[in-house]
Structures are given as C-alpha cells and as structure tokens.
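See structure below.
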Amino acid sequence: MNEPYWQGSLGLARDYCLLDGVSGDAQPHAHYAHQLMLAPSGTLSLLVAGQPQQGRCLLVESMQEHAFVEPGQPMLALYAEPMSFPVGDLRAWLDNVPACPQALVERLRDWSRPRLDSRVEQALQAVDGLLLDKVNAVTLAAQVSLSLSQLERLFGEQVGLSVRRLVLWRRLRLALAIALAGNSLTDAAHAAGFADSAHFSRTVRSMFGIRAQSLRHLRMHLLD
C-alpha cells in the first residue's frame, strides 16, 4: 500500500511558509515553526503532546510534538517562525484567520515583525552566509562581540532555538528553496550544506514526520 502523501501548494517566504492542501501520513514530530491550521470545512483532528485536539482552527506551538490523527484532512496551514510571529499574536488570530490563501499572504506581508537585538540580527545574517560551511558558534559569537553563553542566551530569548538548531533549520529552508529552482532533493541537500542526502532525509523526518521524497508531491513556489 502506498503512503498517502501530503498534497497541495506550498509557498515559501522569508520567515513563514503556507500550505494550501491536504494532510498526508506523518509520524509524531516537532519543528521550530508555530503551526496555525484552518479547515475550509468541518474540523481538524490532531494529537498534540499525545492528547487529542479537534477544531476548525488549531494552533501548535514551536517545538511541540504533534501528528495528524489520519491523512486526508483538507487545510490551510501557516508555518510561522517564532522570532517574527509571537505565539500570543497568533493565538489572538484563532477566531479571525483569513480562509483565502491570498488574503492570508497579504496580512502576513503587513505583519509588524518584532525588533531583534542588533547582535542577534548580525549573527543571523552571518549564519546565512556560512550555511555551506561548518558554523562554529564560538566564532559566530566573537564576530558579534559576545561570549558564547551571551549569544546562546539571546538566541533562546529572541529566536527560540540554540545556534546549532537554528543552523539546521536554516539549512532545511535553503534546501527547499533550491529544490524550488528545479533541482533534485539530493542536489538541494548538498547545496544547502547537509553532509549528505541521508542527513537531509533524517532532518525532514525529525522535523516534519514525513519522508523527504514526499515533498515531490507538493507544488512549491516562492512568496514575495
């Protein structure tokens, strides 16, 4: 029996992505992005931290383990990076999420992002420039005139991830963007700084509970 794949359109932006489609099979998993989901009709059924949740609009917070109870659930799903989209603001949206993908994108474009510490901004820019190489957190801290403990503390407070986990997340995001340009997932994995395609596959499995090959069933595009 073939695995029911995730299907639909996946749009990637700088600090969020938007899936307009149907859920597939997924093992329990946790990822950096907050996940805000809206059912076009009926309700969604999830397991969140092992507990069942149902509703037309559901929010799963960053790094919270979750899985769909069964595949085949139509939905509009926003994956929003915590440094740009505080969970409290997303929670306030639960009763007023635009059901139209384009309307949701327009609202996200106008979203007022929180200001980060300038040293965190510099570190994030440096990470993006180093993704193809080994990112040394001690060296990164020195580049922004911080100790490693200070940098990790600021990342924990403002980014919501350690430096190492943020690098892995950014590599995954870059690999998806490269795949959008028509490259194979294997080539995209190498181009984004993963050690090999197996490392990329394990990361996708860990963060999203699916096989990397499942991404081929999504129509991916870049959002402005």
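- Side-chain heavy atoms closer than 4.5 Å link hydrophobic residues (I, L, V, M, F, W, Y) into clusters, and following such links, possibly through other members, connects V167 to L130.
- Side chain to side chain, Q35 and H66 meet the donor-acceptor criterion of an N or O pair below 3.5 Å.
- Within a 6.0 Å sphere centred on CZ of R219, heavy atoms belonging to other residues, nucleotides or ligands number 12 at most.
- In this structure, R107 is positioned above the aromatic face of W93, its NZ or CZ under 6.0 Å from the six-membered ring centre and within 45° of the axis.
- For the pairing with E81, the side-chain hydrogen bond (donor to acceptor under 3.5 Å, both in side chains) check across R14, R113, R173, H34 returns one residue only, R173.
- The pair E121-R115 does not meet the salt-bridge criterion, since no charged nitrogen lies less than 4.0 angstrom from a carboxylate oxygen.
- Within the 4.5 Å cutoff, side-chain heavy atoms of V60 are placed close to those of M37.
- Each side-chain hydrogen bond (donor to acceptor under 3.5 Å, both in side chains) pair with one or both residues in residues 122-133, not counting sequence neighbours, appears once here: D128-R170.
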Verdict with supporting geometry, E152 and S149, side chain to side chain contact (heavy atoms under 4.5 Å, CB included): CA-CA 5 Å; E152 290 288 12; S149 62; 5.9 Å; no

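- Every residue two or more places apart in sequence or in another chain that forms a side-chain contact (heavy atoms from CB on, under 4.5 Å) with R216 is listed here: L185, Q213.
- With sequence neighbours excluded, no residue forms a side-chain hydrogen bond (donor to acceptor under 3.5 Å, both in side chains) with S201.
- A continuous path of Ile, Leu, Val, Met, Phe, Trp and Tyr side chains, each step under 4.5 Å between heavy atoms, connects Y79 with M220, placing both in one hydrophobic cluster.
- You'll find the side chain of L90 reaches within 4.5 Å of the side chain of L78, heavy atoms only.
- Taken from CG in L172 to NE2 in H31, the straight-line distance is 10.5 Å, to the nearest 0.5 Å.
- Nearest heavy-atom pair, L38 versus C57, reported as atom, atom and distance to 0.1 Å: CD1-CB, 4.1 Å.
- Taken to the nearest 0.5 Å, the CD atom of E65 stands 11.5 Å off from the CD atom of Q51.
- Residues D187 and I178 form no side-chain contact, since every pair of their non-hydrogen atoms from C-beta on lies 4.5 Å or further apart.
- At least one side-chain heavy atom of L19 sits under 4.5 Å from a side-chain heavy atom of W6.
- Summarising the geometry, atom CZ belonging to R153 is positioned 12.0 Å from atom CG belonging to L148; distances are rounded to the nearest 0.5 Å.
- The shortest side-chain heavy-atom distance between V120 and V159 falls under the 4.5 Å cut-off.
- With rounding to the nearest 0.5 Å, the separation of CG in L140 from CG in L146 is 9.0 Å.
- S206 and H29 form no side-chain donor-acceptor contact under 3.5 Å, judged by distance and modelled atom types alone.
- For A33 against P82, the heavy-atom pair with the smallest separation is CA-CD, 4.2 Å.
- Put simply, V48 and M63 are part of the same group of oily side chains (I, L, V, M, F, W, Y) that touch within less than 4.5 Å, one to the next.
- Proximity of M83 to Y32: side-chain heavy atoms (C-beta onward) are separated by under 4.5 Å at one or more points.
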Evaluation steps, side-chain hydrogen bond (donor to acceptor under 3.5 Å, both in side chains), between H221 and S9: CA-CA 8 Å; H221 60 281; S9 174; 3.3 Å; yes

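- The main-chain N or O of L131 is found under 3.5 Å from a side-chain atom of R171 such that the two form a donor-acceptor pair.
- Looking at residues two or more places apart in sequence or on another chain, you find a ring-ring contact (aromatic ring centres under 6.0 Å, His included) between H217 and Y5.
- Nearest approach of P40 to P74, heavy atoms of both residues: CD-O, 3.4 Å.
- Taken from CG in L168 to OG1 in T203, the straight-line distance is 4.5 Å, to the nearest 0.5 Å.
- Connection of V22 to L215 is not established within any shared hydrophobic cluster, with ILVMFWY side chains joined at heavy-atom distances below 4.5 Å, either directly or through further cluster members.
- The distance from the NE2 atom of H199 to the OG atom of S197 is 11.5 Å, given to the nearest 0.5 Å.
- Judged by distance alone, with hydrogens and angles left aside, the side-chain atoms of N183 form no donor-acceptor pair with the main-chain N or O of A188 at under 3.5 Å.
- R56 and A99 make their closest contact through NH2-CB, 4.4 Å (heavy atoms, listed as atom of the first residue, atom of the second, distance).
- A chain of hydrophobic side-chain contacts below 4.5 Å, direct or via other Ile, Leu, Val, Met, Phe, Trp or Tyr residues, connects L108 to L76.
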From CA spacing to verdict: side chain to side chain contact (heavy atoms under 4.5 Å, CB included), L104, L18: CA-CA 9 Å; L104 182 53; L18 192 63; 3.4 Å; yes

From CA spacing to verdict: side chain to side chain contact (heavy atoms under 4.5 Å, CB included), C17, L10: CA-CA 7 Å; C17 66; L10 179 66; 4.1 Å; yes

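- Counting heavy atoms from C-beta on, the side chains of L94 and L36 come closer than 4.5 Å.
- In summary, the side chains of Q150 and S147 do present a donor paired with an acceptor at a separation below 3.5 Å, with no hydrogens or angles considered.
- Among residues at least two apart or in separate chains, side-chain hydrogen bond (donor to acceptor under 3.5 Å, both in side chains) pairs with a member in residues 41-50 are S45-Q54.
- The aromatic rings of F208 and W169 sit tilted, their planes meeting at an angle between 30° and 60°.
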Step-by-step side chain to side chain contact (heavy atoms under 4.5 Å, CB included) determination, L124 to F155: CA-CA 10 Å; L124 291 172; F155 262 57; 4.0 Å; yes

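- V69 shares a hydrophobic cluster with L47; the chain of contacts runs through ILVMFWY side chains whose heavy atoms sit under 4.5 Å apart.
- In this structure, the side chains of I210 and D25 stay at 4.5 Å or more apart for every pair of heavy atoms.
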